[in-house]
Amino acid sequence: MSAPILKDRNKQVFEKGKAAFDLQCDRKSVAGSVSQRACVFCGSRVVLYPIADALHLVHGSIGCASYTWDIRGSVSSGPELHRLCFSTDLREKDVVYGGEKKLAAAIRELVPKHSPKAVFVYSTCIVGVIGDDVDSVCKKAGQELGIPVIPVHSAGFAGTKKDGYKAACTALSKIVGTDDSGEVSPFSINILGEFNLAGEAWIIKEYYRRMGIEVVSILTGDGRIDDIRRSHRASLNLVQCSGSLTTMAEEMKDKYGIPYKRVSYFGMEDVSKALYEVADFFSEEDPMMKERAAEIVREEVSKYLPAMQECKTKLEGMKCAIYVGGAFKAFSLIRILRTLGVDVVLVGSQTGNRQDYEQLASMCDPGTVIVDDSNPMELSHYIVEKDVDLFIGGVKERPMAFKLGVGFCDHNHERKTALAGFEGTLNFANEVCASALSPVWRFAPRRKK
Amino acid sequence: MSAEVQNYQSAGNPCRQCMPLGASWAFKGVKGCIPVLHGSQGCATYIRRYMISHFREPIDIASSSFDETTVIFGGQENLEKAVLNVFNQYRPDIIGIATTCLSETIGDDIDRFVRELKKNQPGLCTLVPVSTPSYQGTQEEGFHRTIYALVKNLAGAGEVHAGEGPALNFFLPMITPADIRWIKDITKAMKGRAVVLPDISETLDGGLWEEYNAIPPGGTDQEEIKSLHLSEASVELGTVLPDDWRPGYWLQKQHGLPNLQAALPLGVDATDHFMKLLEDVLDCPVPPEFMEIRSRLTDAYADAHKYLYGKKVVLFGDTSTVEALYRFTSEIGMNPVFCFTGSPSGILKKAIEKLGTPPVSTTAPLVMEDCDFGDAEGIIEEMNPDMLIGNSKGYKIARKLDIPLLRVGFPIHDRFGASRQRMLGYSGTLNLLDQIVNMLLEKKQSDSDIGYTYI
């Protein structure tokens, strides 16, 4: 008999109601557990990837570059350099003699050809081991070429995906604050941890524009180096994907005195809150902003709510499992699903921290299973045990759900449908309906009963 | 600066993946097998995602999950832990262990680790190690090396051959589950039994499940691998590989088993040749229903020839697919002007050279190895071909230059049904021919101002 939960992972699985809250997290993945996480490189690559006018050069063997080529659904309104794939393509000889010369040659070859505003050089596993001095190669190339050439220390083994987020923040902090020119509105914000998947950043930006707010930069969706340079001059930072960019927000708070708020743009409740919170922040200088926010909320909610309610009548009583990268997104998903009448019976994330899981536990109903850094054996076990109708996750979880006749909604970074904002909430509800209510499930053996 | 570094060009939009992907693919075609990649967690997860997006099936690949201390002290302990955890959680029949660039760079001796593991943990399942450093070769080499390792580790141990009829060992390139099914069907129809290694026909293209299967059903049984030396012969299809990638060659050397080599049966000539090979080795005539398909295929060649004559086509992907496509497109009167692969093995150049210039052309095609889409784009623009045939990653060029792209090979991330794509045998050839012709017709129709409803 196969075992659904490894002994080493017993404490990373918690069922609410059985005992007092206790869940281990922030651990490296257990060897052999088929974690759904990738590595440090992945963490930095996903954060920096959407910066569209930078050249992203992967220093290492070819695979790391191949597997991340055009992987995210992050779209750009202008340059699309981020959608190309560059690698130093290290070979056996380089492993013996070092890859510094190749790296220097690659930067010199690519910069004149593509005219990027900056270069990010991602060090992968073997680079650290063979002892390349990536920092000095980047420094020298930057001086020579007159653009920032920024090393991203992302050797896959050097921690977890979360350490990759930190490495990305370290890289970003070398750009933030390097341009003091031009005017910035006193009513200005940065949005951190919004990656413009399927154009979601544009939807959100439009709400703030209607409120009278200038969005100085988005880290990093539809990102531009010049915007990031002057992002230190905004009055407020909003952090969406808190797992990835809270470090950056903290740093900007310390260094530039910019306060930050955690927000979410998933679900009408959370989007409304994200708009009101900003209006509150600026209420002294602009007391009317709140009214403008309320107007947007009224207008948008009335536009999309009737269709949402229609979805609810179809989905009411269904049971759902959620497994996503960051835990903060799970909070929003639980709220949206509740408004749709769907019960969440399993929820988990790749990178949540203790505080996140405590909050999840407090939000969930008794009997809900909470998992950290889970794997296919655990997830499939609970799909069956909890008799789940719907799974919300990423591409790696999709076939597992389908094999068992369970509906699936992709809420990962490959999605091509906007799920943020008011209209995104309805898109999400429609996606859920389209899968959970499909007539094909009657052919699934597990669903026949 | 050395001349080598001066001439060095970085890779832009690569037309290849790394060896551990090929290793994972091969292990996924063995019954009850879970691959473990010995390296960082990311390798396993990225490769899973990449393959799941193509096959749309659950693909579990474990990792020994290196951290900083592993890199300093070596990966033996992590590998042991990974193997034990996989064994306890999945209860596999085999665990396939493939290295990565990281574990190779720090000098882990995977063979020794596995030897010691077997000694210390006698109750474990079969373990098969293979060295697949990602800084060498491509996914193809990783795939072939893994099959070789499976055969070398297991074949020869069996004493009886399970199953009915004379068995043929099939060693194939990375072809689709549907084409593997065709190989099995035709062999069966000729009273033989195909032992395909690896057999992904069910593991990576299966049905819906009553209960969750920790390991998808299907795959080559290890008992069959142990008895490969008792088969009638080995059949290697595809380009001719270096000897140390060829399990058929090993079986011949070690066990005196006949090793037959032939092209992938795509096109009439190549399929005729393959059918003749089967007739000879199985001593059974090709059943009439297959010959009926042949006659429909040659009839379709006649119906299609004018649409195809002299049409310039660019072929790319892994070496065996490109070679097969070159032979086929030449046979139907197209002009394959440019063939490229990300593989630096030297195999494709040799293979195309041997096939010679296409009948409709007076000049030899351009063949480039170790070539990425960045290198190919300018050349394709200059050649202005009528069509591209290759994997999904060619789409950027196809879109930019407005050239139709027929998706064949791996990866196919932007179309449906990659596992069911057929191109082998008379029936598969017919399927590919229809697709090529229709794509050309569609282009002609949509480019025209007139809006023809008859073409």
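Computed from a predicted structure; not experimentally measured. Protein chains get the first letters and strands the later ones, always in sequence-line order, with residue 1 at the start of each.
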**Student:** More than 12 heavy atoms of other residues, nucleotides or ligands under 6.0 Å from CD of B/Glu77: is that the case?
**Tutor:** no
**Student:** Distance from B/Asn78 atom CG to A/Lys28 atom NZ, nearest 0.5 Å?
**Tutor:** 5.5 Å
**Student:** Side chain from CB out, backbone as N, CA, C, O: work out which of these in B/Leu102 comes under 4.5 Å of a heavy atom of chain A, or both, or neither.
**Tutor:** both
**Student:** Quick one: CZ on A/Phe402 to CG on B/Leu208, what's the gap to the nearest 0.5 Å?
**Tutor:** 10.0 Å
**Student:** Pick from A/Gly128, A/Ser87, A/Ala106, A/Ala155: which one has the most heavy-atom pairs with chain B under 4.5 Å?
**Tutor:** A/Ser87
**Student:** Please report the closest heavy-atom contact between B/Ser65 and A/Val30, naming both atoms and the distance.
**Tutor:** OG-O, 4.4 Å
**Student:** As an exercise: rank B/Asp67, B/Val86, B/Thr105 by heavy-atom pairs under 4.5 Å with chain A and give me the winner.
**Tutor:** B/Asp67
**Student:** Going from CZ on A/Phe41 to OG on B/Ser40, what distance comes out if it is rounded to the nearest 0.5 angstrom?
**Tutor:** 11.5 Å
**Student:** Name the orientation class of the two ring planes belonging to B/Tyr50 and A/Tyr67 (parallel below 30°, tilted from 30 to 60°, perpendicular beyond 60°).
**Tutor:** perpendicular
**Student:** Between A/Asp89 and B/Arg16, does at least one N-O distance fall below 4.0 Å, as a salt bridge requires?
**Tutor:** yes
**Student:** Is it the side chain or the backbone of A/Ile383 that comes within 4.5 Å of chain B heavy atoms, both, or neither?
**Tutor:** neither
**Student:** To check you understand the geometry: which heavy-atom pair defines the closest contact between B/Gln17 and A/Ser66, and what is its length?
**Tutor:** CA-OG, 4.2 Å
**Student:** Heavy-atom distance under 4.5 Å to chain A: side chain of B/Glu57, backbone, both or neither?
**Tutor:** both
**Student:** Give, as side chain, backbone, both or neither, the part of A/Leu90 having an atom under 4.5 angstrom from any heavy atom of chain B.
**Tutor:** backbone
**Student:** Evaluate the side-chain proximity of B/Thr70 to A/Phe157: yes if any heavy-atom separation is below 4.5 Å, no if none is.
**Tutor:** no
**Student:** Given a strict heavy-atom distance threshold of 4.5 Å, which part of B/Ser134 is in contact with chain A: side chain, backbone, both, or neither?
**Tutor:** both
**Student:** Quick one: list whatever passes side-chain contact (heavy atoms from CB on, under 4.5 Å) with A/Glu144, sequence neighbours left out.
**Tutor:** A/Arg108
**Student:** Taking every heavy-atom pair that is under 4.5 Å apart, which of A/Glu397, A/Lys7, A/Glu414, A/Arg398 has the most such pairs with chain B?
**Tutor:** A/Glu414
**Student:** Crowded around B/Gln121 CD? As in, over 12 foreign heavy atoms under 6.0 Å?
**Tutor:** yes
**Student:** For A/Gln36, is it the side chain, the backbone, both, or neither that has a heavy atom closer than 4.5 Å to a heavy atom of chain B?
**Tutor:** both
**Student:** Checking heavy atoms, do the side chain of A/Val95, its backbone, both or neither come under 4.5 Å from chain B?
**Tutor:** side chain
**Student:** Check whether B/Phe87 gets within reach of chain A through its side chain, its backbone, both or neither, counting any heavy atom under 4.5 Å.
**Tutor:** neither
**Student:** Against chain A, label B/Pro14 side chain, backbone, both or neither, depending on which of its atoms sit under 4.5 Å from a heavy atom there.
**Tutor:** both
**Student:** Would you mind checking which part of A/Arg83 comes under 4.5 Å of any heavy atom in chain B, side chain (CB onward), backbone (N, CA, C, O), both or neither?
**Tutor:** both
**Student:** Less than 4.5 Å apart, side chain to side chain, heavy atoms only: is that true for A/Val384 and B/Glu211?
**Tutor:** no
**Student:** In Å, rounded to the nearest 0.5 Å, how long is the span from CD1 of B/Ile52 to CE of A/Met400?
**Tutor:** 8.0 Å
**Student:** Treating B/Asn85 as the side-chain partner and A/Ala31 as the backbone partner, does any N or O pair qualify as donor plus acceptor under 3.5 Å?
**Tutor:** yes
**Student:** Is a donor on one side and an acceptor on the other found under 3.5 Å between the side chain of B/Gln41 and the backbone of A/Ser29?
**Tutor:** no
**Student:** Looking at side-chain heavy atoms only, is the closest gap between B/Tyr135 and A/Ile62 below 4.5 Å?
**Tutor:** no
**Student:** Could you give the distance from SG (B/Cys101) to CD1 (A/Ile130), rounded to the nearest 0.5 Å?
**Tutor:** 10.0 Å
**Student:** B/Lys396 and A/Asp70: salt bridge (Lys or Arg N to Asp or Glu O under 4.0 Å), yes or no, with the steps?
**Tutor:** CA-CA 10 Å; B/Lys396 268 186 197 297; A/Asp70 211 11; 3.3 Å; yes
**Student:** Which atom pair, heavy atoms only, marks the closest approach of A/Arg446 to B/Glu210?
**Tutor:** CG-O, 3.2 Å
**Student:** Is it the backbone or the side chain of B/Pro344 that comes under 4.5 Å from a heavy atom of chain A, or both, or neither?
**Tutor:** side chain
**Student:** B/Val71 versus chain A, heavy atoms under 4.5 Å apart: side chain, backbone, both or neither?
**Tutor:** side chain
**Student:** What option among B/Leu79, B/Val36, B/Thr69, B/Ile61 has the most heavy-atom pairs under 4.5 Å with chain A?
**Tutor:** B/Ile61
**Student:** Assess, by modelled atom type and distance only, whether the side chains of A/Glu109 and B/Ser10 contain a donor and an acceptor separated by less than 3.5 Å.
**Tutor:** yes
**Student:** What part of B/Gln139 is in contact with chain A, defined as an atom under 4.5 angstrom from a non-hydrogen atom: side chain, backbone, both or neither?
**Tutor:** neither
**Student:** Under 4.5 Å, counting heavy-atom pairs only, tell me which of A/Leu57, A/Leu110, A/Ile5, A/Thr88 racks up the most with chain B.
**Tutor:** A/Thr88
**Student:** So what's closer than 4.5 Å to chain B heavy atoms on A/Thr160: side chain, backbone, both or neither?
**Tutor:** neither
**Student:** So how far is it from A/Asp8 CG to B/Lys81 NZ, rounded to the nearest 0.5 Å?
**Tutor:** 4.5 Å
